[in-house]
Amino acid sequence: MCDTCGCQENPIQHGENNALKSIDIAGDILQRNKQIAAGNKTYFDQSRVLTINLMGSPGCGKTTFITQTIEILSSETGIHVIEGDQFGSLDADRIKKTGVPVVQINTGNGCHLEAKDVEKAAKEFDLHPGDLLLIENVGNLVCPALFDLGEHLRVVMWSITEGEDKPLKYAPMFHSAHVCLINKADLLDHIPFHLEQALENLKKVNHALKVFFVSALRVDAGMKKWVGFLKQKMPV
Amino acid sequence: MHELSIAIRITEIAAEAARRERMNRIDAVHVEIGELTGIVPDALDNAFRMAVKNTSMLANATLHMHVVSALAECKACHKTFDPVGFVTVCPACNASECNIIKGKELHILSLTAGRKPEEGFIKNQLKNQT
């Protein structure tokens with residue numbers, strides 16, 4: 001008698017392995033995230049809300065940059081912020097002080113935001129046509145590169161204190177971005193950062209990147225250019 | 001760390017596909033990983049082992065990874081080349097406008113699945129025979 005299921009077959013002939021079957025799938029592993037991201041994009045398009053996915057290393061200045069953008073733009077545009085961090089609400093607390101609605105997402109052991117996180121968080125905002133949604137991804141130059149959130153623009157921030165080699169070391173991130181913000185530009189006179197080499201490195205991995213030099217601590221010419229660019233991108 | 005979310009998604013897709021075929025045990029999963037995806041094969045393998053622990057279908061499943069080499073094509077002179085590290089500068093004409101043809105794949109290809117006896121099945125069979 002078969003030991004596997006108790007039938008009358010010889011167990012050698014009716015081992016579990018005899019029932020093995022090869023199943024073809026040929027599916028995209030990220031398909032579900034892409035579908036949700038496409039749904040998010042449609043929602044943002046229909047709501048006429050410009051959505052930015054801001055990525056970069058921890059400490060490159062993303063939250064300061066967001067608060068400065070709010071400072072410059074909030075008098076004329078409704079702004080909403082999604083903050084992604086592994087733990088805590090320190091960044092959301094900083095945004096709250098500006099008076100702008102913010103949702104904090106804690107990813108726990110996760111190292112990036114996914115489309116489903118943004119889908120859920122976006123429902124908490126009262127969005128109006130012409131508003132701006134800023135998503136601060138988890139501080140990380142690796143993982144967020146792979147996950148579409150449904151944003152209109154993928155923006156990577158890179159501060160000059162990180163060195164000019166970052167685009168070559170974290171190429172998928174810089175390759176996947178539309179805009180690169182080179183932050184802490186006010187430190188250029190104090191830090192050995194080779195600007196020409198940095199731009200050359202960027203061009204090697206993404207020739208089409210739009211680049212802004214900013215000093216997010218102050219309303220400098222770079223921040224004004226960035227805000228001008230955002231206004232151009234706002235849905236009419 | 002994003003390898004863990006990829007591994008979990010692989011187990012979910014595999015389990016759905018096996019259920020559709022009325023299978024309840026997965027022995028092997030074959031995936032295709034492009035060189036430019038930023039996925040580290042060893043990290044994905046470790047993450048897969050973590051993801052399948054305590055699952056009823058995939059507890060003994062193995063992950064077979066087929067790495068796809070990167071390939072780019074120059075838009076200007078159409079030469080194809082290996083864009084090592086996403087550097088998409090054409091080695092022939094030095095143009096930087098290139099298309100990535102291969103290397104971004106992240107696909108689940110197939111799985112090997114079977115049926116294991118349901119809990120209590122053998123007891124019932126024996127009872128029916130007596």
Side-chain angles (χ1 to χ4, degrees), chain A residues 1-8 14-34 86 107-114 116-117 138 140-147 165 167-176 200-209, chain B residues 1-7 9-10 12-14 16-18 20-23 25-33 36-40 83-89 95-98 100 103-118 121-129:
Chain A
M1 188 177 70
C2 167
D3 294 333
T4 304
C5 69
C7 74
Q8 296 304 310
H14 191 193
E16 282 184 59
N17 286 337
N18 286 355
L20 287 180
K21 182 177 182 181
S22 178
I23 302 170
D24 289 333
I25 301 176
D28 185 342
I29 295 167
L30 293 175
Q31 187 58 29
R32 188 168 71 179
N33 187 72
K34 286 177 183 172
Q86 275 197 292
T107 57
N109 290 327
C111 47
H112 58 273
L113 291 178
E114 295 192 13
K116 62 178 166 45
D117 302 317
V138 179
N140 183 337
L141 276 177
V142 183
C143 313
L146 207 53
F147 295 86
D165 53 5
L168 301 181
K169 286 181 169 178
Y170 300 93
M173 170 61 76
F174 288 87
H175 182 80
S176 74
E200 189 62 31
N201 291 343
L202 269 181
K203 198 179 169 191
K204 281 179 184 172
V205 299
N206 188 342
H207 70 279
L209 265 177
Chain B
M1 269 307 290
H2 58 306
E3 281 84 359
L4 184 57
S5 34
I6 299 293
R9 191 60 199 131
I10 290 170
E12 290 170 349
I13 295 170
E16 285 164 19
R20 278 199 300 274
E21 298 286 331
R22 302 173 66 81
M23 298 292 172
R25 190 196 78 209
I26 296 169
D27 286 3
V29 183
H30 295 264
V31 295
E32 187 177 59
I33 307 292
L36 299 174
T37 56
I39 299 288
V40 179
V84 179
F86 257 116
V87 173
T88 48
V89 179
S96 52
E97 285 196 46
C98 298
I100 302 285
K104 290 182 169 182
E105 298 80 358
L106 202 49
H107 298 142
I108 179 161
L109 300 173
S110 64
L111 52 93
T112 309
R115 283 200 64 78
K116 61 184 175 187
E118 302 291 343
F121 181 84
I122 295 172
K123 273 186 188 171
N124 288 338
Q125 287 289 313
L126 289 171
K127 201 191 290 177
N128 290 342
Q129 285 171 25

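In what follows, chains are A, B, ... by sequence order, proteins preceding strands, each numbered from 1.
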Could you please spell out the steps behind the side chain to side chain contact (heavy atoms under 4.5 Å, CB included) verdict for B:Val31 and A:Ile29? CA-CA 9 Å; B:Val31 295; A:Ile29 295 167; 4.3 Å; yes
Proximal component of [X], with respect to chain A [non-hydrogen, under 4.5 Å]:
| X | value |
| --- | --- |
| B:Leu111 | both |
| B:Ile26 | neither |
| B:Glu12 | side chain |
| B:Leu109 | backbone |

Sort [X] into side chain, backbone, both or neither according to what part of it lies under 4.5 angstrom from a heavy atom of chain B.
| X | value |
| --- | --- |
| A:Leu146 | side chain |
| A:Phe147 | side chain |
| A:Val205 | both |

B:Ile13 side chain near A:Ile25 side chain, heavy-atom distance below 4.5 Å: yes
Which distance, rounded to the nearest 0.5 Å, do you find between the [atom1] of [X] and the [atom2] of [Y]?
| X | Y | atom1 | atom2 | answer |
| --- | --- | --- | --- | --- |
| B:Ile6 | A:Asn33 | CD1 | CG | 8.5 Å |
| A:Leu30 | B:His2 | CG | NE2 | 9.5 Å |
| B:Ser5 | A:His112 | OG | NE2 | 3.5 Å |
| A:Ser176 | B:Lys104 | OG | NZ | 8.0 Å |
| B:Asp27 | A:Ser22 | CG | OG | 11.5 Å |

Please list, chain by chain and in numerical order, all residues satisfying salt bridge (charged side-chain N to carboxylate O under 4.0 Å, His left out) with B:Glu21, sequence neighbours excluded. A:Lys21
Hits for salt bridge (charged side-chain N to carboxylate O under 4.0 Å, His left out) against A:Asp165, two or more places apart or cross-chain, chain-then-number order -> A:Lys169
Pick whichever of [options] has the most heavy-atom pairs under 4.5 Å with chain B.
| options | value |
| --- | --- |
| A:Asn201, A:Leu168, A:Asp28, A:Asn140 | A:Asp28 |
| A:Lys203, A:Gln31, A:Arg32, A:Glu114 | A:Arg32 |
| A:Ala26, A:Gly27, A:Ala208 | A:Gly27 |

Is it the case that the side chain of B:Thr88 and the backbone of A:Lys204 share a donor-acceptor pair, with hydrogens and angles ignored and the cut-off at 3.5 Å? yes
Can you name the nearest heavy-atom pair linking B:Gly85 to A:Ala171, along with the distance? O-CB, 3.1 Å
In terms of heavy-atom contacts, A:Ile23 and B:Ala18 come closest through CD1-CA, 4.1 Å
B:Leu36 and A:His175: CA distance, side-chain angles, deciding distance, side chain to side chain contact (heavy atoms under 4.5 Å, CB included) verdict: CA-CA 10 Å; B:Leu36 299 174; A:His175 182 80; over 6 Å; no
